[in-house]
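Because only heavy atoms are used, hydrogens play no part in the values below, and waters and symmetry mates are left out as well, while side chains stay in.
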Amino acid sequence: MNNSFMFSVAGRGEKDREEKKRPLQILRFYLREIRLFRLVMLLCMCVLMVSEFVSSLCAIHLPSGVLELLMVTENRKGVALRLLLWGAGFLVCSVLAPVCVHQLDERRSFLADHLTGRFLQKIREVDPRIPGEKRLRETLSSAWNSASNGRGFYEGIFFVPDFIQHLFGALFYGVILARVNLLLTAVVMLCAAMNMAMLRGARGVHRKWFGKITEDAGSISYLVDLTGRGDAGKDVRMYGMQALVKAKYREKLSHMDGLYRRIHRSYLLRGDLSALFTLLQEAVTGIVLLSRVQAGSMSAPELVYLLGVSAQLGRSFEGLLRNYLDNWNALADASEQFEDFLAWESSWPEEKRVTDEEVRRMRREGFELRLDHVSFSYSSDTEDGETTKKPVLRDVSLCIHPGESIALIGLNGAGKTTLIKLICGLLSPDSGEILISGIPQRTFTRAQYVSLISCLFQDHTVLPMSLEDNILAGMEKDDELLSRVLDLSGFREIFDRLPDKGQTRLLPQLEEGGIEFSGGEMQKLLFARAIYQDAPLVILDEPTAALDPISEEKLYRGFRVAMEAGGRKRSSLFISHRLASTRFCDRIVLLEDGQILEEGTHEELMRQGGRYSRLFHMQAQYYAREEEKRRKRALMGDEDIQTDGHAEGGAGWTTERN
Amino acid sequence: MDNRKELKSGILGDLSAMRFCLRTVLRGRRQVPLCAFVVGVIDAIHPLLLVLLTGLVVDSIVSGGGAGEAMRLFLLVCLLRFVLSLIRKYAEQLLNRNLEDMYERQNDTIVEKNMEVDYALLEDREKMQVRERILHFNPRFGISGIIVDCLLHMTRVLFSMALALSLMIPRLLEVGRQADGFAGSYWCSGLFLLMLLTAGILDMRFLRKKYLERDEIYAGDKTRLDTRRRFYLNMYRTEEGQKDLRMGKMQALVDQDVREILRASDALHKRVARLSLHMYGVFSLVHALMILSVYLFALILGLRELISAGSVIAFAECIRQVSGSMRDFSDVAAEFQEGAVAARRYHSFMTLPSLRKRGSIPVEKRRDDRFSLEFRHVSFRYPGRDDFAIRDLNLSLEIGEKLAVVGRNGSGKTTFIKLLCRLYAPTEGTILVNGIDIQKYSEEEYRRLFSVVFQDFVLPAFSLCEVVSCRADGDTEVEANVQTALRKAGLREYAETIKTEKDVFVGGAYEPGGQSFSGGEMQKIALSRAICRNAPFVILDEPTAAMDPESECAVFSAFHQVVGRKTAIYISHRLASCRFCEDILVFDGGQVVEHGCHGDLIREDGLYRRLWEAQAQYYAQAEDAGGSS
């Protein structure tokens, strides 16, 4: 399965991505996002910053203070008091800092919830569309990852306080040391910087291979998922695929191992060099300070103090750079992408240009749907970064009158599903127009438009809620309608069998005691949902593929009844590979290679003897021959009564329930 | 992996679970724990050297030994630290390199287990949830990553404690010898150390309790909310997943539920935050007090001139190290706890029974591919379900011909196939092939009897040749077979590409840039896989459901060619296609209600006729209408 995101945005202002946002802008957005989550977060960060810094200060002052107290003879009280203050500071900070760290850490794992809320709120506004430009896909993928597991946002929570604290520390200790010896500060900073340059180089090597590694990891996780699935498990066992899958896994694993070997060799090389720099830094510091002591211009407590300061300076400086390398890029990238994502615009108007009154009237009385020279193509990025377009629909014109039922026929890949998506407003045509009683589709608000159409898709979604919620799908509960829908869809027998009836939970992986329906049961449920919406246009895409013949026939009949209920004009669009379904449709539209090839009633098309009649014969031949034989026998008085009786019984089923 | 012993409860069980996990995942790469140990030891020594150095330098200055000696000492220690850090860098590099793909290595074992565990367990939700938790645990380095990490930290902590104590105790003993008052006496030092120890232990017990409490929240409510949240996010991952949501008022339902999730997660978060506040607040306070008291103690000793100034520094810093280690120790203890729980989980998954070992009788080779098949009072209930999917099924077939299985949805057709394929064992009764209980056959050999195309078949996203042959090592003979199979299934154009540069990958999930096939094409590939398998039994479960009329017709007419002279079992809702079969079984409510050929069954007023007529009437009448006008 291709997991890439398939969205694109309409009406989004073109912003050149090359023009990088300034770090402060990014940080502002990031902090805003986090602060929205909780104000306590900011407080924690500040406290963490201060207490980390103070506790590093204490760590220097405590030993030198103790030493001083031991060595001085006068003003011991003053020294002791100062020591006491440092001690108290140490006490407070060493409680506060870990508490803040852990508070932030716990918050991290809940941050994704907040981002999920933001993501879902936005995603529903924008169109699900083709995997258009790579850039947009990346933006969405990044935003999705942030929402899913806090990618980029997690790092930031520690990045900000750490960075500020280390920055402050570097300045503070740098100045202290510089007052003693400017050279010393320079050496410490230089060594730390060289160390970081080394690390950065190694990271560069890492990043260079990162894409490849991610790819391998993706393949591997696919295999983990595949072998863990029940449906694939059958095939793996029956075809003895264990060795093949294992070989495939090992192949990627050893490739990955090779890459890591290369990466870590470069880490090692640079690590050795950086150890040398550390040696240099320590030696220089020791020599300079000790020579001062030798010259008698520095006391032992001062020496201890300054050794502490120089170590701390090194640490601050390293922390600063490491933080930048480790976290900033991830933070900046994720924040930027998330901000871009939140700026996407919807292709539907926000203000109502069509009155609700009008929409209600259409819901009541039906409407005419007209596709006017509609063309559509899917675009995708090739490897060279160019966008190619693959036309799916070409110049399709079609009109569905109020109350008319249409059968849409075509081979796999003819463009039927795309046509439906266009009609449902999930895609917008490249050229041409879709008109609802003369009003262009995108004049309605999204909510208004979708209330006019109900659609049963092949790939369905069931929500982890009660069965009733899933059938109602957000509509108000109407017991009478619900009961009728259950009858018409044939879902009644399943419904009655369930101990909790409408309150049954679905999706066992999410809901305790949830029920899982088989393919056929699910199709009935989805059909019930589609007709419960009671929309003036109902679209069914392959609703019977998993149904047995009797259920299939019931569905056909139920559908016809539902469409005519209450004497209202409802139009319908029915897609099926089972050409028997064309029998109860007013008109047949045959789509081939994205164009309408034939159009007319069953009789007309059969008379034409074109594509449709060929397809029909293909399917009918086996039944027909048999049927003919049987009819001949029936004519001879064999068993006609039973046949008719049964057919009537089938029809009577629907009338009886009405 | 034969380690089927039950783990003991308590820490010993934890340790053996961790050992099991490391051994299974590392597969003999011993250097990994060794490196972790080395890094841990050096990490313990490295900072202590500095502490010791400071003390020595101060002492040599205070005692007037001159800075020259101090400097030599200083440089020597710097050099020593340099050497140590070189060793550490090497060990770390080796460790990190191995850690990087630890998660993938762990999952290698999981994939293996996935493929050999009893099929019924694969469908067992509870068992598989254990697996999901293993997979979601530390998705960077996996469980063994945590264990190795734990080992490293544990070594460091214990070593630095031991080192610090070994530095301190002789000094304290010496002090005790000189001391005249209570301060500094053996009693005093002993009491002091005891106090530290008690505080540390109590503290750790407290932390452990709270940690378990928090883990419970994470494992329970938090995980539940997370799965739900991810479910909604995942729906928006693909275009297909979210079509439904955008129609009607579904979105409102989702919004409502998401709000609910966010609210619940908020409440949960407050609980966790409070818990963590208690945990780390108390813990840190105790440790800060410990450090201060050590400083005070050392200061008192120093002021009484029982120890030198340099020793006070070294002493205090040593204790700081120890206390720091103890703090780390609690982190390590938490990590250990976490790792142990995960390792136990891993152990329980990896020791699930696998069928492979059961049954050993080889399958009798029959050249004429004729087998006798018998179901004796077979009943079957899916695990965790109350209703029987198959009820007291008695069936005896002399196979060598074509058998069709028809029936309504949920009548047990597919379950019948799964039982026959030995994916599930019957709850009651036995299934016999050639008079022998199928459970007694060697599993691998038994399965080689079947070429199955399941309704929900899955094709791995490997190259077409591999997908069809199901083998990693394709030689020319295999390739030829694959090509023939593809041609027979109506994929002539792809047959040419096998093992050339144009050899396509089926979908992009394994190798990016693979080709995506339509549902109908996928069915044809699955069909060619079955042909290529060349097994005596061919089982086709709804092989044309996703095909358009043209492909469907092509498959029907190729049916005999596909099946050849072999035994075939065919399930379809398209009754016309069942007419190829001499023998038709009609299932209803988990039982065979009718059995015979099409001609006989259609004459009886039974389920088969009802099914047939439901479908045939449209074609007949339509044909009629078309023909007559």
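The residue among B/Arg228, B/Arg229, B/Lys249 with the most heavy atom pairs within less than 4.5 Å of chain A is B/Arg229. Heavy-atom pairs under 4.5 Å with chain B peak, among A/Leu615, A/Val236, A/Leu120, A/Leu67, at A/Leu67. The choice from B/Asp456, B/Leu122, B/Leu233 that makes the most heavy-atom pairs within less than 4.5 Å of chain A is B/Leu233. Between chain A and the options B/Leu135, B/Leu79, B/Leu225, B/Asp255, the largest number of non-hydrogen pairs under 4.5 Å is found for B/Asp255. Chosen from B/Asp257, B/Asp108, B/Leu303, the residue pairing most often with chain A at heavy-atom distances under 4.5 Å is B/Asp108. The choice from A/Glu552, A/Met465, A/Met475, A/Gln533 that makes the most heavy-atom pairs within less than 4.5 Å of chain B is A/Met465. When the candidates A/Glu215, A/Met241, A/Gln103 are compared by the number of heavy-atom contacts under 4.5 Å with chain B, A/Gln103 comes out ahead. When the candidates B/Arg448, B/Arg81, B/Met128 are compared by the number of heavy-atom contacts under 4.5 Å with chain A, B/Arg81 comes out ahead. Taking B/Asn96, B/Leu285, B/Val254, B/Asp226 one by one and counting their heavy-atom pairs under 4.5 Å with chain A, the maximum is reached by B/Asn96. Looking only at heavy-atom pairs under 4.5 Å with chain B, the residue among A/Asp216, A/Thr116, A/Val101, A/Leu83 that has the most is A/Thr116. Ranked by heavy-atom pairs under 4.5 Å with chain B, the first of A/Leu279, A/Val304, A/Val99 is A/Leu279. No other option in A/Ser613, A/Ala59, A/Ala473, A/Gly520 has as many heavy-atom pairs under 4.5 Å with chain B as A/Ala473.
A heavy-atom distance below 4.5 Å is not found between the side chains of B/Glu123 and A/Arg229. Taking the side chain as every heavy atom from C-beta outward, B/Tyr218 and B/Val272 approach each other to under 4.5 Å. Considering only heavy atoms from C-beta on, B/Cys421 stays 4.5 Å or farther from B/Tyr119 through its side chain. Counting heavy atoms from C-beta on, the side chains of A/Asp113 and B/Lys222 come closer than 4.5 Å.
Residue contact with chain A, scored on non-hydrogen atoms closer than 4.5 Å, involves the backbone and the side chain of B/Leu268 alike. Proximity to chain A is limited to the side chain of B/Leu262, based on heavy atoms less than 4.5 angstrom apart. Contacts between B/Arg529 and chain A at a heavy-atom distance below 4.5 Å involve backbone atoms as well as side-chain atoms. Looking at B/Arg533, only its side chain comes within 4.5 Å of chain A, counting heavy atoms on both sides. In this structure, the portion of A/Arg265 lying under 4.5 Å from any heavy atom of chain B is its backbone and not its side chain. At a 4.5 Å heavy-atom cutoff, the contact between B/Val58 and chain A is made by side-chain atoms alone. For B/Phe454, the part lying under 4.5 angstrom from a heavy atom of chain A is the side chain only. With a 4.5 angstrom heavy-atom cutoff, B/Arg97 touches chain A via backbone and side-chain atoms both. Interface residue B/Val111: backbone and side-chain heavy atoms are both found under 4.5 Å from chain A. Contact annotation for B/Phe457: both backbone and side-chain heavy atoms come within less than 4.5 Å of a heavy atom of chain A. For B/Ala252, no part sits under 4.5 Å from any heavy atom of chain A, backbone or side chain. For B/Val57, the part lying under 4.5 angstrom from a heavy atom of chain A is the side chain only. In this structure, no portion of A/Ser451 lies under 4.5 Å from any heavy atom of chain B. Proximity to chain B (any heavy atom under 4.5 Å) is shown, for A/Ile263, by neither the backbone nor the side chain. Heavy atoms of A/Ser551 lying under 4.5 Å from chain B belong to its backbone as well as its side chain. A/Ile213 does not touch chain B: none of its heavy atoms, backbone or side chain, sits under 4.5 Å away. In this structure, chain B has heavy atoms under 4.5 Å from both the backbone and the side chain of A/Leu223. For B/Gln129, the part sitting under 4.5 Å from any heavy atom of chain A is the side chain, from C-beta outward, and nothing else. Both the backbone and the side chain of A/Leu69 come within contact range of chain B, judged by heavy atoms closer than 4.5 Å.
Minimum heavy-atom separation, B/Ser85 to A/Ala275: OG-CB, 3.5 Å.
Side-chain atoms of B/Glu466 do not come within 3.5 Å of backbone N or O of B/Ala472 as any donor-acceptor pair. Proximity of a side-chain donor or acceptor of A/Tyr249 to a complementary backbone N or O of A/Val224 within less than 3.5 Å is not detected.
The aromatic rings of B/Tyr236 and A/Phe119 sit perpendicular, their planes meeting at an angle over 60°, well past the 30° parallel limit. Between A/Tyr267 and A/His264, the angle of the ring planes lies from 30° to 60°, which puts this pair in the tilted group.
Taking the ring axis of B/Tyr510 as reference, the NZ or CZ atom of A/Lys252 stays within 45° of it and closer than 6.0 Å to the ring centre.
Remark: B/Phe82 CZ is packed, more than 12 non-hydrogen atoms of other residues, nucleotides or ligands lying under 6.0 Å away.
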